[in-house]
Structures are given as structure tokens and as C-alpha cells.
Amino acid sequence: MNALLLEMRGIHKAFYGVKVLEDVPLTLYRGEVLALLGENGAGKSTLIKILNGDYQLDSGQIFLEGQAVYFKEPRDAEASGIKMIYQELHYAPDLSVAENLFIGNLPRISGPLGRFFIDWKKMRQEAKHALALLNVEIDPDTPMRDLTVVERQIVEIIKAIYADAKLLVMDEPTAALTPPEVEMLFDTVRRLREKGVAIIYISHRLDEIFQIAQRVTVLRDGRHVASKPMSEVSPASLVEMMVGREIEARQVELAEQTAGAKVALEVRQLGKTGVFEDISFKVHEGEIVSIFGLLGSGQISLTRSIFGAERSDRGSIFVNGQEQRIRKPQDGKRAGIGFVPIDRKVRGLVLGMSVRKNLTLSNWQNLSRLSFFLPQLERQHSQTWIEALGIRMAGGMDVPVRFLSGGNQQKVVLARWLEANVKVLILNEPTWGVDVGARSDIYDQLEMLAKKGLAILVVSSDIQEVLSISHRVLTLYKGRLTAEFDHSEASQDKVLNAAAGGAL
Amino acid sequence: QECSTAKDNYKIGFANLTEDIVFTQLVRESIVSAAEGLGNVEIVLADNKLDGATALSNTENFITQGVDGIIHFQTDEAFGNVIMARARNAGIPVMAIDIPMPGAVFFGADNYNAGRLAGEALGNWVNTNWDGAADAMLVLELPQSGPIPAARMQGMLDGFQDTVTTKLSDEQIYRLDSKNTQEESFRVVGDTLPSIPDATKIVAITINDGTALGTIAAAEAAGRKDQIMVVGQGADPSGQEEMVKEDSRYLGATGYFPENYGDKLLPAMIDILECRPVAPAIYQDHVFITKENLCEFYADEQAAFCKP
Amino acid sequence: MRKILRSSALQEVLALIIMLALIVVIMASASNLFLTPRNLTNLLIDSTTVGIIAVFSTMLMISGGLDLSVASTAALCGVVIGALQVSLGLWPAVLIALATGALVGLINGLLVTFVGINPLITTLGMLSIARGLAFVFSNGLTIPVFDLSGEHMAAYNAFARLSEGRWLGLPYPVWLMLLLFALGLLILNLSSYGRAMYAIGGNEEASQLAALAVKRYRVSAYVLSGLSAALAAVFLTSRLYAADPRAAPGVELTVITAVVLGGTSLAGGQGNLLGTFLGVLILSSLLNGMKLQSTSTELQNIVQGLVLLLAVAIDQVRNGNLQLGFLRRFQKSKQT
Amino acid sequence: MTATAPQKKRSWLKGDSITTLSLLLSFFVLCIFFATQTEFFLTSANAANLARTLAVVGICSIGMTLVLISGGVDISVGSVAALSGVLASLFWLEFSLPLGLSTFLALLCCTLVGLLNGLIITVIKINPLITTLATFSIVRGLAFVISEGQTNQLNNAAFTYIGRGSLVGLPFSLILMLVLYLGFAFVLRSSAFGRNLYAIGGSPEKARLAGINVSRHLLITYTLCAFLAGLSGIIIAAQLASSAPRAATGLEFTVITAVVLGGTSLAGGKGSLLGTLVGVIILRVLDNGLVLMEVSSFYQDVARGLVLLLAVSFDQIRLGLSRLRRGST
Ligand SMILES: Nc1ncnc2c1ncn2[C@@H]1O[C@H](COP(=O)(O)OP(=O)(O)OP(=O)(O)O)[C@@H](O)[C@H]1O
Ligand SMILES: Nc1ncnc2c1ncn2[C@@H]1O[C@H](COP(=O)(O)OP(=O)(O)OP(=O)(O)O)[C@@H](O)[C@H]1O
Ligand SMILES: [Mg+2]
Ligand SMILES: [Mg+2]
């Protein structure tokens, strides 16, 4: 076993009196990848933010290389060789890629004024070098805002791994990456590990954990459950440790598609110049259809256009056989379409508003008279949905939705549209950053909704998810549909191949 | 005693036009010091901030405070009706400074004629020094501040035109908004001078000493100081200082003697309160202050110049 | 739960209530005139212009907007009454003034919402334009709104009664202000419109994706703001028997001060009208009390600045706000 | 990286440069308009006049640009400028200190006001708008209290040289301003401080997580801004050879207008000093042209507001179009 690098002892942390971490230990050795697991809200991010100096601990101790350390600010941690890749992206949109790579630590010129002035040449060179690590072809002078989301994420990752860190923390770094990119990232991680860098790796994707980690630490409800070598655990035992109960590996039980099911949503030759072209498909009542494509293939734009969050240039949309003129979300809603956006925190929820108010945000018409809410009715409806979807929160429906875990937040967005009584439900990446337990809940819901006759369109970049929950899978490549698979004929190879443009 | 308002001690409210400019500050100071001199008068102060609503609110406050009389220096005749209605209902007599109000005893500047004094002086100077003809006139006015400055400006303009041998045509007159600050008059005069490149005899009439100073500074910056002659209104210390400079281009300013307002206002107010007859309007005497007569009036303020 | 909510709403304004009480105690002990009914009536009347506008500025700011043009708009609307009263008759002129306010608000709203100009800049530009137009239409003169000919006594008397009439001892404008605050409280807390204001200010994109008519709501908030300025102008004109292009000097800053003092976040998404009401009362008590003491104008300005800082600082301490919350507003406007 | 996204066209006509370009275009349109309206616009006397009067707003705008880039705003600049002149004359005339020292001390006091702004914003964490709104009225009040409302003459050739003198045929204040622009443009473009400021304006939270000392940067920014505002105040006093507590009334609005006109975003994280310089010049030319055209001052207010809205709308519409063309949302 390598030398001990980090030891956290008895970490306690509470927010506004709510205990988030209780007596949590963590040890980390040089040259190892430690997986940090737990449900949403278990306290993983909080623990590493404490390590990083972003949050201050209430009590406990941190030892780095045997020395007691205390970080007041992230830059203190950085100075001690601790680097973070955050769950949320952190970049300055108007600065170039190169500057973003080195921000906070810009290469300075030598000489007496070196403290103040940047060595542009060196910075550009190093940026090129760093970008080459993950085989990325981005001009380091491009402003960050001109990159796609995925490119930005990759720059973030490179930024962290390129720094000369002793300890690297990755909080769900792969959520937006495609399989080849994940593979490249893992290669880099292995190389860093060989150099003796220690890595804390947080992910809800168990398969990744088994690929990359040597040891695992599991948290549940802010407490330490176990720390074990990977060789001593199985997926099932991990899940049990995390959730505290057994969850069988999910396989959605798809209801048989009845041959005569009505077409709920039909899209004909939808096009948006430069984004997607000539898209036609149907979704029947009670059917779950997934669109799978590498990120940036246009699937997000496509579903946004169907709902009205964006405008398409050409084509037509039918709901229940009626052509719809959809130019804004209100039209989408009127047509009976519900829309769960890709990033619930940024796009789905008003975080400062209560669960109840978020639930009824789109649906005041049914719950009000003369535009004034009927408080009893509103509470009653909210309660119904909270129970129906099993939304869990401490403090009831008047708690700001900010305090809910990711999975439960996702359910709130879902409930909003169910309350609106939609016929077609579009979900974008419904399980991003959602833990196994909540993921299983969400699949249950989808299954139930489909059985009730809802037409469901899912965009997902998680191939396992796509294969397990869909009646049909459509693949999208560079804005065009390339293939369609029935549940029975869809396989990982075929779908990936089609989505990479290799099929047909 | 017959007179119901007569008392041993009086509480008199004074609401100033604004506290932002020197002239009105001097008015306030004179009233306060006159009250100290009288011994039986307490002054309650307020600031009308050049605003009708504030003047009305101050009136209400005076009534609340139980003043015996009100001296109002406010911004517009149009607000006189409502202010006077309130005071009448409360049975409080009002004196109005500079802006007449219906039923109030008027005191103060005869703004138009005060303006004329300066205009005439400037006209005479042009007659003597520039053969009775100027090339252009800059009018540094204050259109945002209502009728008081407007009357002064009109007086200056009329006084000049009626005195000077060759009247200026409308095209030769440039109306500029001084915004009541030196730097704004500096800016607008600086902007205007290039449009009168051939004018070498420029006269300027300005709403107060500050704008006169800004005007002169602008001419100096443009290298045309000797082509301009300026008159103004007020004769504040800063204006006096400018007049007494060597080669000064500040011909002079109409003196309002705000430092004397109190001495005339308060006795009149007490006459009103003690039911003695008071003229409906009391005018302040105006004198056009120049380098020559300055020491008659301001020997103490300009000691360095007057008592060398 | 209800109880907790109510008490938390109370908590939010508790600091303000204490501050108001403190000011009242200080002012009352400094002058025994302060607490006389007469003075309190004056105090309330003086706060009506700011109060009427502040109701809608609060809504606007909760939705993430800002309107600096309210004072200029009020001046413009007053001048519209003054300029049109003779040719069109008094009441039609009043209606047109209200429409003018709404129109100015609509233009602000469209520029902010559809052209995407930052609210601060939009309304700063409008501040300049509206004030300029007020001077243009009035020729820089204060216009008497008075029955000069004596032919329309009824109309002009009724107009004057708008501000002079009293009910239960309080003048109508005070009732109007109270009514608007009450109405605003209802709207903000119980109506879909109020809910939308909070949602849009809290997260515009999420509101849009929740199928709220975001742009329409935004525009409407600006229209209401302009309309409230016009309403304030009508009462001001009625009170002064005159329309002044210089009217309402600095009122935009007083309004913002009152709203922010009341705990409404410049970032949007947060705020309450009760706080704004207290903010208005705090500012006018402070001003009124200092006037009774004949405090000099400069000192009044300094004290007001300090009170604003103090109130916001207390708020920060109470919130235990350790994040860089103050910059979030700019972040948010960036995303739009 | 798989090239699935629609190919982005690289072009120099992007971001800041096009904003500045469209500004320059508006500038020329404005110039041509005025040149056709008044024969005096394109005279050397007018050029000299413009050159003399740029510095006040120009220098103050540098500080405001920094502050806006950092995501804040400073309303107190006009009051600080007034305070600076008032203090200079206080130290010189009342305390009989040497004029140079008086000026230095006045600037120092202004800098302290900036430090105070910065401390309130970073330590108590009060919104910059509110903070500087409060110091705006406090500092203006102080200027009145200190000067007792009086205008004071500052007759001293060395002092007035700052505002009126010329060096190699150019006004000294203009040269000072240009030097400051060059220096600060360099700081913004090439110094770590400058780049970090953009990052902070882009997102203070993220900048903090990237290891930038946000508070210190903001503190420096507000301090610099107040110092530059104080310098503007000194130039005003030097131009007029006098100081007044009412000086620089409304300067904050003019300066913010100029900076935003120059393409600096109120949202923070975006802007350039070149743009600001052009914005300052456009505003100055606009005022100058309107005076030359003898437009009534009432209409000047209207025109100023309209030009501000038009220029910003134009920029927004252009941005919107380019975003549409790029097909992103
Ligand atoms: N700044 C904060 N203020 C209040 N509560 C917080 C804060 N940060 C985290 N929490 C709460 O602390 C708990 C732990 O959150 P944390 O982000 O550490 O979970 P996590 O394990 O990272 O979950 P996920 O898998 O969803 O990322 C949650 O209940 C969360 O709501
Ligand atoms: N160019 C315009 N000129 C005048 N009024 C307009 C204009 N565009 C929109 N409006 C007004 O604004 C209202 C809102 O516009 P619109 O319906 O496009 O947006 P929305 O439904 O509020 O939301 P979103 O655009 O976010 O989907 C319209 O009903 C219309 O009254
Ligand atoms: Mg987390
Ligand atoms: Mg729309």
C-alpha cells in the first residue's frame, strides 16, 4: 500500500441547523482512485467542498501528508496541491480557452514585474499541450462562450488534470461525456495515478466505478457507511450500502405496445438550419421512445423545438392528429406537451421558491379563481403529487426546492407536467446526476405513466438507460435521424454505431 | 391689545429656495442672524429644494410647528395658490421672497430690473469700448429653474439691447443652458465659441457668478479671453474675487445683497404680525457691483483689494 | 405550517419594524409635535408619491426589472395634464396622462424584453427623454391646473378633491396608497400574476420552460410601473394645482431606496410589499422628523445614506449571507 | 473532439471588435450628420475645444469600466469628484498647505472613499448599487458641509495647468487621459489583475473557486475607480480655477452611459477601454454638435436619451442576429 496522503477525521457540517455530515472520516493514499458513493444529498459534494476550502467544517480535522491543514479559501487548497473538477461548470465566458485553463494561476513573465504580467506565449503553448492530453482540437484563443457545452466541460477537466496536483477531486465529471471521451479521460486518470496522484472520484454510474477505482467509500444520509477495496464489493452490495435496502438491477417492464395505439405525437420533416434536418417520427400513446445521439447531434434543440422553447424553420408537428403551430412554450403546453429540460437546477426550477409553488408553476388555471390561487386546492393538488411520485423532503411542501436532492427535484419538474395533464411528455437526460435509488423511482414513474397512455419521448446519452427503458430507439447523427430500433432489436453496438454515423 | 397675532416672542418659519447655491445660503444666513439680533424671534428652517411639492409640505410642517408667520422662498408662482390657501386656513401671514404669491407680502428682488441694471452696464461698456457694437452674445441661462432666473435673464437682455448703440439680431444671440454649474457653462461656452470664429467682441450675460466664472474660464481655455466681456447676477464672494483681478473680463454683477434680506424681512414680518400697515411689496435695492464700487459694499470681504 | 410562514414573513420585516419604531421614538422624543395627528397626516401625505410608485416598483424589481424613469415619467404626465387641459378638457387630459405613463412603461418594457437592453440603461435613457419632453411640452414653465376661465368649476373642483378630500380623517391619496399596498400584497402573495413575478425574477429560463408568458409578464410590469408614475402625477398635480416639468426631483432614487430598504433583492425573485411599505414609512418619518428639527439638507442626505447602508447591512447579517450574493443580479441579467 | 456541432466560422468580426466597429460607425455617422448641419463642427477650433474637454468624463470612465467589468457599479463618482476639488481647496486655502500636497491629500481622501466602498461591498457584502448610492449622498453631503456651500477660487498657474495647459500642442489633460487609457488598457488586456477581473465579472463564485482572491480584486477596483473620479474632480477644478460642492453633478450618469455605450456590459465580464474611449468621444461629440446646432437644451436631453437607447439597441440587435446566425440559443 502506498503512503497515506490525506486523512479527514470526524467531519461535521450543518447548514442552518440541518446536519449534512456527521462524524465522517476519509482516507486517501497516493496513487489510488477512491470512489465516493452515496445517494443524492448524501453529502459527497459537501465533504469535498470542505476539503477544498469552499465550505468550512463545523468540527473535525484534515491531515495532508501528516500535517494538519485548514483551508479558508479554495485557493489555499490549490496552493497545497488539491485540484477540483466541480459538478457545475466554472468558467469565464468572455475569456479565451487558454486563459480559462490557467485562470487563478496565469503564467507570469519573469523579471521584477513578473507578478503582474501574463506570459501569453507560454500560456498558449501550455494550453495547446494541455488540450492535447485529451486529444482535443480547440483553438486556445477561442472565447469560452463560443464552445459547445461538452467542449466547455472538457476544458474544465483538462484544467484540473493539467495542474500539478497531488490530489484531484472529480465530482461527476462524465455526466456530459460520450463513451470515447470517457475512455480518454480514464486513460488520463490512469496515467496520473501512475505518477502518484491520488484521485477522489464521484459518480452515480457504478460501471465507471468498477472500471477505474481501487477503493470505495460510501456515505448515507451524511454518515460514513463503509470504506472497502473494490475487490470486496459487488454492484449489488454497493447499492445496498448506499440505499440501505436492496434494489434489484433495473429492467423496466415495458407494457406490450398494442398495435392499434393512437399516434400521440407526430413530427414531420422538422428542420432547423445548421442544427437538425428532415426529422420525422411518431410516438404512440403508451410508448416510450428514446432519441440517442452523441452530444451536440441536435437532439436537445430538436426536443426544444417540439415544445416551443426554440423555433424550428421547417416542418410540422401533430398532437393527437391535430397540426399544432408551436412557436413558444405556451403553445407546446396548450398542445398537451410537457417538457423536462436538461439541467433541472438551471432550467427546470425556481430554486428559491417552494416545492409547492414550483409544482403549480404551469398550472394556476386549474387551481385559481379570477387568477387568484385557491390555497386549499393548491395544497391538496400538491400533496397528491408529492405522494404519487414519492417526492421526499424534510419540512414539507413549503421548503424551497433548492434543499431537495437532485432526484427529488427532478420529480418536482415531472409532477408539474403531470398536474398540467399533458398527453406527450418530453424528458431530457432525466437521470443526469441522479442516484441509483431515485433513478429507479424515476423509471418506475415513466413505466407507470406509459401504462396510463402517456406518450413519452426521452433524450438520453446514457446508452444503458436508453436500451432498458425504450420501446423504440431513434439515433441521431449530425442533426439527422440515422436509424430506428425496436426494443427487441436494439443493442449497445448497433445503437452506438448508428449514432456515430456508421450505420445504414 | 387689538391685534390678535401680536406676541412677545415670535416663531417664524423660513423655507429657502434651495440650499445648493450661494445666493440662497446667504439669504438664509441673513435671516438667522437678523433673528438673533432681534432677540425675540425664533426661526424654523426648511428647504424647498426647488420643488413645489416640497414647498407645500414645508408649509404644512410650519403649520404643525405652530409658527406665527412664514417666509417662503419658493420656485414658482403657480404653486402660490395652494400654499397660500393652507396658510390662510391656518391664519398665518406669509411673506414671499422673489416669487409673488397671492395674498402674501412680496419681498425681494425686482428680478427683471436687477437684470436690466447689468444689461445696461454691459451695453454702456460696449458703447464705450467696442464702438457700440458687439458681434455675439452668449446667454447663460437656467431654463430648468423656472421664472426667477428667466426674469433676470430677460432683464439683462432687454437692458443691453436698449442701451447698446447697435442692437444684436436674434442670430447673434446664443442661448445656452448653464445647468447652474460652472463646468456646464464651461462646456457649453467652449462648444459655442468655435461656431463664432469671427466674433472678436463677445458679450455674455450669465445667471449667476458661478456661470460667469465658467464662461470666462472657457474663453480663457480657448485663448479668447480678451474677446469676451461678461456680466452676471449676485456678486457673490467668488464673483467679487473675479472682478478685482487684473484684466478681469468680469465687468460686474448686480448685487442682491442677500446678506441684508433678513434685516428688512423680519421687521416687516413683525409689523404684519403686530398689525401695523405694511406695503404689499418691498423691493430690495439693487446696485450693479463693479471693481470700482465694490469696496463701498464689500470692503471687509475683499480686504486684500480694498485695503492694500 | 401557516403559523411558521406567517412568523417568517414577520421575521423578514422585524428588523424594519424595530428600525421604524426606533426612529419614531427618537423623533417623538426630539419633538412633541411628531406624534400629533396633524403631523402624521402630513407625513403620510408626503409619502404618497413615493408610496404609490413603490408598490409597482417592488413588483417590477421582484421580477428582476428596474425602473429609473418613474420620476421623469411622473413629471411628463403632469405636464400632459397641464398642456391638454384647456384644449381637451381636464378629465380627458387626465386620461391621456395615464395613457402616457402606460405608454412610457410599455416602451421601457419592450426595449428591455424584446430588444434586450439592460433595464438600468433602458430606463436611464427614458429618464432623460421623459424629462426632456416634459420641458419641451411645458416650455420649461410650471402650468397652473386651475380653472382660469371659471367655466369648468365642477371638473376642477372634483380634480382638487382627489387630493384634498378626506375619509375617516385621512386624505384620499393616503387611502389610495394604502389600497394599492393592500392590493399589491394580495396580488403578489395570492395571484398567479404575483407568482409569475417571483418565478421570473427567480429563474427566467425555468419560468419560460414552465410555459409562463415571460415576456408578456415582463412588459406588463413595466407598463404598471409607468402607470403608477402617471397615477402619482395625477395626485401630485391635483395637490399643487399646477404641473411642473421639474416635479418629483430624485423620486426614482427614493423609491429604489425604499424598496431595497424593504428587503427586495435587486437580483429579483425576492421581496415583499410589507417591507416596502415599512421602507417608505421609515424614509418619510426620518425626513419629516428631521424637518421638524430644521436639520440642514446636507445632513438629511447623509443620514438617509447611512440609514440605507445600515438597513441593508442588518439584512445581510440577519441572513448570515456569506456568499457573493450581491453580484448575482448582474449574473442573472447576463443570462437573459 | 468529434465535430458534430455545426461548424463555427472563425472571424475577426467578432465580439468586442464588432461592437467597437459598430460604435465607430455610429461615431462617423454622427460626425457626418453634424458636419452637414453646421459648418463649424469640422473646424480646428472645435477640435481643440473637444480635445480640451474630454478628460473629465474620459478619466472617470476608466474607473467605471473596471468596475462594470468586475460586475459592479459605482454611483458615487460624481460626488467623489466634487469632494476632491473641495478638499483640495480646503487644504490649500484653509490649512495653507502647499498646493501640490493639497492635491495629493485630496486624491488620497477620494481613494479612501473608494476603499470604503470596496470594504462595504466585499466585507459587509452589500450590493454595489446600494452601497455607492448611499456614499453618493453621503459624500455629496460632505462636500457641501466642508465647503459650506461656497465656490472657492483656486488661482494658481501650476494647478490650472492640469486643466488648461498644453504640452506639445495637445491639452495636458488630454495627454494625461490618453496615458491613463494606454496604461489601463494594458492592465486590462495583459495583466493578471485585468484578466482576473473579467473572470470575476463573468462569475464571482466561479472565480473564487478558481482560486482568485475576489475580495481583494474588487477592493482594488473600487479604490481605483474613486481615485480616478477624484482625478477627474481635480481636472474640473483646474479647468475652472475654482472648486464647488455642486461640481460634477450627474457625472455618474454620463460616465455609465459612455461606458455602456462603449460596449461594456452591465452584467460584468465584458468590455474594453477602447470601446469606452469611443463611447466617451461619441457622447462628447453629441453634446458638442447639439450645442453647435443651437438645439434647445430641453431637446438635448431627449436626444441624449434617444442616442443612448439607439446605440445600445443597435448593439443588441446585432448580437441577436449573430446569435441567430450561429444557430445557438
Ligand atoms: N450551501 C448549502 N446550503 C444549504 N444546504 C446545503 C448546501 N449545500 C448542500 N446542502 C445540503 O446538504 C446535503 C448534502 O448535499 P451534497 O451536495 O453534499 O450531496 P451530494 O452527495 O453531493 O449529492 P448529489 O449526488 O446530488 O450531488 C443536501 O441535503 C443539500 O441540500
Ligand atoms: N414587436 C412588438 N410590438 C408590440 N408589442 C409586442 C411586440 N411583440 C410582442 N408584443 C406584445 O407582447 C406580448 C407578448 O409577446 P409574445 O406572445 O411573443 O411573448 P410571450 O408569450 O410573453 O413569451 P415568450 O416570447 O417568452 O414565449 C404580445 O402579446 C404582444 O402584445
Ligand atoms: Mg454532489
Ligand atoms: Mg413569445
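In what follows, every chain begins at residue 1, and chains take the letters A, B, ... in the order their sequences are listed. Note that the coordinates shown come from a computational prediction; the quantities given were computed from them, not determined experimentally.
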Self-check item: Side chain / backbone / both / neither for D:Ala247 at chain B, heavy atoms under 4.5 Å
Solution: both
Quiz item: Hey, does D:Arg284 have a side-chain heavy atom less than 4.5 Å from the side chain of B:Asp191?
Solution: yes
Exercise. Enumerate by number any residue of residues 205-216 of chain B whose heavy atoms lie under 4.5 Å from heavy atoms of chain D; in the absence of such residues, state 'none'.
Key: B:Leu213, B:Gly214
Quiz prompt | Distance (rounded to the nearest 0.5 Å) between D:Leu251 CG and B:Thr181 OG1 | solution = 11.0 Å
Self-check item: Atom pair CG/OG of D:Asn49 and B:Ser195 - distance to nearest 0.5 Å
Solution: 10.0 Å
Quiz item: Just wondering, do D:Arg246 and B:Asn180 contact through their side chains at under 4.5 Å, heavy atoms?
Solution: yes
Practice problem: Could you tell me which portion of B:Gln182 (side chain, backbone, both or neither) has an atom closer than 4.5 angstrom to a non-hydrogen atom of chain D? | Solution: both
Self-check item: Partner set under salt bridge (charged side-chain N to carboxylate O under 4.0 Å, His left out) for B:Glu301, not counting sequence neighbours
Solution: none
Practice problem: Would you mind reporting whether D:Thr53 and B:Phe186 have side-chain heavy atoms less than 4.5 Å apart? | Solution: yes
Quiz prompt | Enclosure of D:Tyr299 OH (heavy-atom neighbours >12, cutoff 6.0 Å) | solution = no
Quiz item: Considering all heavy atoms of both residues, which atom of B:Glu19 and which atom of D:Phe144 are nearest to each other, and what is their separation?
Solution: O-CE2, 4.2 Å
Practice problem: Find the distance between CD (B:Glu184) and CG (D:Asp287) and round it off to the nearest 0.5 Å. | Solution: 7.5 Å
Quiz item: Would you say D:Thr160 and B:Glu220 make side-chain contact, with heavy atoms under 4.5 Å?
Solution: no
Exercise. Select one option (side chain, backbone, both, neither) describing which atoms of B:Lys179 are under 4.5 Å from chain D's heavy atoms.
Key: both
Exercise. May I ask you to decide if B:Gly190's main-chain N or O and D:Arg52's side chain share a donor-acceptor pair within less than 3.5 Å?
Key: no
Check residues 151-158 of chain B and write down every donor-acceptor pair under 3.5 Å in which the side-chain atom is one partner and the other belongs to a residue at least two apart or another chain.
residue	atom	partner	partner atom	Å
B:Arg152	NE	B:Asn111	OD1	2.7
B:Arg152	NE	B:Tyr256	OH	3.2
B:Arg152	NH2	B:Asp98	OD2	3.3
B:Arg152	NH2	B:Asn111	OD1	3.1
B:Gln154	NE2	B:Asp158	OD1	3.1
B:Asp158	OD2	B:Tyr112	OH	2.6

Quiz item: Among D:Gly149, D:Ser296, D:Gly250, which residue forms the greatest number of heavy-atom pairs with chain B at distances under 4.5 Å?
Solution: D:Gly149
Exercise. Could you please state which residues from residues 29-44 of chain D sit under 4.5 angstrom from chain B, measuring non-hydrogen atom to non-hydrogen atom, sorted by number, or 'none'?
Key: D:Phe40, D:Thr43
Quiz prompt | D:Leu240 versus chain B, the contacting section by heavy-atom distance below 4.5 Å | solution = both
Quiz item: So which of D:Arg164, D:Gln300, D:Gln153 has the largest heavy-atom pair count under 4.5 angstrom toward chain B?
Solution: D:Gln153
Quiz item: Taking C-beta and beyond as the side chain, do D:Ser242 and B:Ser238 meet within less than 4.5 Å on heavy atoms?
Solution: no
Quiz item: Measuring heavy-atom distances to chain B, does D:Ala47 have an atom under 4.5 Å in its side chain, in its backbone, in both, or in neither?
Solution: neither
Quiz item: Could you go step by step and tell me if D:Gln239 and B:Glu183 meet the side chain to side chain donor-acceptor pair (under 3.5 Å) rule?
Solution: CA-CA 8 Å; D:Gln239 274 175 348; B:Glu183 79 245 44; over 6 Å; no
Exercise. Find out whether B:Glu29 and D:Glu148 are in side-chain contact, i.e. whether some heavy atom of one side chain is under 4.5 Å from a heavy atom of the other.
Key: no
Quiz item: Just how far is it from atom CD of B:Glu242 to atom CG of D:Asn155, taken to the nearest 0.5 Å?
Solution: 7.0 Å
